[in-house]
Participant: 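If you scroll down you'll find the structure; I have some questions about it.
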Amino acid sequence: MKALPYYHEYEAFIDSVSKLARQELIPKVTGWEHDGFFPNEVFKLLGDQGYLGLLISEKYGGVGGDYKLAGAWCETFGELASVGLTVGVNMHSLVISHALEKFGTETAKGYWLPKAVKGEALGAYAFTEPGAGSDLARIRTTATKQGSTWKINGSKTFITNGARADFILVLTKTDPNAGYQGFTTFVVDTTSKGFRVSKTLHKLGWHASDTAELSFEDVEVDDSCVLGACGDGWGQAAANLNWERLMLTLTSLAGARMCLQAATKYSGDRSAFGKKICEFPDIIGYLKEMERRILNGTALTHRALNELIKSHDCRLLVAAAKRMVCDDAVWVADKAIQIHGGYGYTTEFLPERWWRDLRLMPIGGGTSEIMTGIIRKELRRVR
Ligand SMILES: Cc1cc2nc3c(=O)[nH]c(=O)nc-3n(C[C@H](O)[C@H](O)[C@H](O)COP(=O)(O)OP(=O)(O)OC[C@H]3O[C@@H](n4cnc5c(N)ncnc54)[C@H](O)[C@@H]3O)c2cc1C
């Protein structure tokens, strides 16, 4: 893997990500969106250039960067008009591999991380189940210890990269009577006997990304596959979800900016009633409001990111940023369609794809309503 000589020089880093996207990915994403899958070679390409190891230490082949670098990546790579691809990559590299490095055993890290940063082994994170999404405490997947091994049984759904993953971090219940201390996460090799991709899901957007339902029937793992200690799963999930939410928020900001850019250009090119449409007060109002929401969202999101960089408690800021930005990004994409008129409703212009893709953001990683609940709870705590 090529080291990133400029990884702490953000301008150069951002330029290099944009260049890679322009040259290698933008010409192909529309085809992948139609095909309903992006090839694993995308991971290889990014791995060869060092981009899959931004938060991973050099010991495992990463570049040992921080959340500032990861944030710059999210806001730049997120400009690619295929949010399913963007988040599929970011879940693997920034969330799953990062969580494995933070909490995994030396055996698991030594086995998976060097392959993960090269894009040779791909990861997924499995919290959600058919009967438990927002209400994660109700998950029913169990892991029971039998002699020196654990047996995992249950099913998970909506899992990003689920159909292609080589390793999956699986949240299970190890003690139904222990409350929040009864959850444990395991890293599961998908070649294990008893693991099955039971279904791939068809979706409104994120067409290039695979989203799968997974089945675990007596899947055997040993102690080296436990993340942290037995019973640590709930606390790990909360920490990982906080960063995942910020990653999704930064990606939404990038999408909203691309919608504003497209709408600004189109409204300057298109004429009606002898004028450019950008001269009509309604269109001017839409563009100003799009910009206002993006600026507010950027300020709040960067504040949350700065707190995370400083390792400060930022649960309230992240929930507030996710709630506002993810909802606003859908609004911005909707207005971009409106400004494009009939063309906005066709697949010839990108706003319809942005709208479909960004529509997931107020749902995935914790819904807007769940963010409101966190905001209320955190405000009560700090008052
Ligand atoms: C494309 C896609 C990719 C995904 N990727 C992953 C992944 O990689 N890994 C993973 O584990 N999960 C993944 N998810 C799952 C996602 O995180 C969940 O869909 C989300 O957390 C919501 O859970 P749910 O779908 O069960 O909805 P529910 O929890 O059933 O919610 C339904 C509605 O009820 C509302 N609601 C629920 N509780 C409350 C409450 N207390 N107060 C107010 N309103 C409430 C919700 O806000 C929502 O509007 C993905 C989902 C999709 C669609």
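Computed over heavy atoms, backbone and side chain alike; hydrogens, waters and symmetry mates excluded. Note that ligands are numbered from 1 as they come in the structure, with each ligand's atoms numbered from 1 the same way. Computed from a predicted model, the values in this text were never measured in an experiment.
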Participant: Salt bridge between Asp15 and Lys19, side-chain N to carboxylate O under 4.0 Å?
Facilitator: no

Participant: Please round to the nearest 0.5 Å and tell me the distance separating atom OG1 of Thr149 and atom NZ of Lys151.
Facilitator: 6.5 Å

Participant: Side chains of Arg164 and Phe43: does their closest heavy-atom pair fall under 4.5 Å?
Facilitator: yes

Participant: Protein heavy-atom contact under 4.0 Å for atom 23 (O) of ligand 1?
Facilitator: yes

Participant: Which protein non-hydrogen atom lies closest to atom 49 (O) of ligand 1, naming both residue and atom, and how far is it?
Facilitator: Glu369 OE1, 3.5 Å

Participant: Below 4.5 Å, heavy atoms only, C-beta onward: do Arg353 and Val83 meet side chain to side chain?
Facilitator: no

Participant: Under 4.5 Å between any side-chain heavy atoms of Asp166 and Glu120, yes or no?
Facilitator: no

Participant: How far is atom 10 (C) of ligand 1 from the closest protein heavy atom, and which atom is that?
Facilitator: Thr128 OG1, 3.3 Å

Participant: Less than 4.0 angstrom from a charged side-chain N to a carboxylate O is my criterion; do Glu106 and Lys109 meet it?
Facilitator: yes

Participant: To which protein heavy atom is atom 31 (O) of ligand 1 closest, and what is the distance rounded to 0.1 Å?
Facilitator: Ser134 OG, 3.7 Å

Participant: I'd like to check whether Thr160 has a polar contact with ligand 1, where a contact means an N/O of the residue lying under 3.5 Å from an N/O of the ligand.
Facilitator: yes

Participant: How far is atom 9 (N) of ligand 1 from its nearest protein heavy atom, and which residue and atom name does that atom have?
Facilitator: Tyr125 O, 2.9 Å

Participant: Starting from atom 26 (O) of ligand 1, find the nearest protein heavy-atom neighbour and note its residue, name and distance.
Facilitator: Gly133 CA, 3.2 Å

Participant: Taking side chain as C-beta onward, heavy atoms only, is Val187 less than 4.5 Å from Tyr111?
Facilitator: no

Participant: Regarding atom 53 (C) of ligand 1: of the candidates Ile159, Asp135, Leu360, which has the closest heavy atom?
Facilitator: Leu360

Participant: Kindly state if atom 7 (C) of ligand 1 has a protein heavy atom within a strict 4.0 Å cut-off, that is, under 4.0 Å?
Facilitator: yes

Participant: Using the six-membered ring wherever Trp is involved, compare the ring planes of Phe13 and Tyr10 and label them parallel, tilted or perpendicular (cut-offs 30° and 60°).
Facilitator: perpendicular

Participant: Please check atom 35 (C) of ligand 1 for a protein heavy-atom neighbour under 4.0 Å.
Facilitator: no

Participant: Is the distance between the ring centroids of Tyr266 and Phe349 less than 6.0 Å?
Facilitator: yes

Participant: Which residue owns the protein heavy atom closest to atom 13 (C) of ligand 1, what's the atom, and how far is it?
Facilitator: Phe158 O, 3.0 Å

Participant: To the nearest 0.5 Å, tell me how far Trp234 CH2 sits from Phe183 CZ.
Facilitator: 5.0 Å

Participant: Which protein heavy atom lies closest to atom 40 (C) of ligand 1, and at what distance to 0.1 Å?
Facilitator: Ile370 CD1, 3.9 Å

Participant: For His340, which of Ser267, Pro351, Cys259 qualifies under side-chain contact (heavy atoms from CB on, under 4.5 Å)?
Facilitator: Pro351

Participant: Would you say the side chain of Ile374 lies within less than 4.5 Å of the side chain of Arg245, judging by non-hydrogen atoms?
Facilitator: yes

Participant: Could you tell me whether atom 42 (N) of ligand 1 has at least one protein heavy atom nearer than 4.0 Å?
Facilitator: no

Participant: With a heavy-atom distance limit of 4.0 Å, tell me whether Lys203 approaches ligand 1 through its side chain, its backbone, both, or neither.
Facilitator: side chain

Participant: Please determine if Phe127 has a nitrogen or oxygen closer than 3.5 Å to a nitrogen or oxygen of ligand 1.
Facilitator: yes

Participant: Which atoms of ligand 1 are found less than 4.0 Å from any heavy atom of Gly365?
Facilitator: 17 (O)

Participant: With only distance considered, is Thr157 within less than 3.5 Å of ligand 1 through an N or O on each side?
Facilitator: no

Participant: Below 4.0 angstrom from a heavy atom of Thr367, which ligand 1 atoms are there? Numbered from 1 as shown, please.
Facilitator: 22 (C), 46 (C), 47 (O)

Participant: Closest non-hydrogen protein atom to atom 20 (C) of ligand 1, residue and atom name please, with distance?
Facilitator: Ile363 O, 3.5 Å

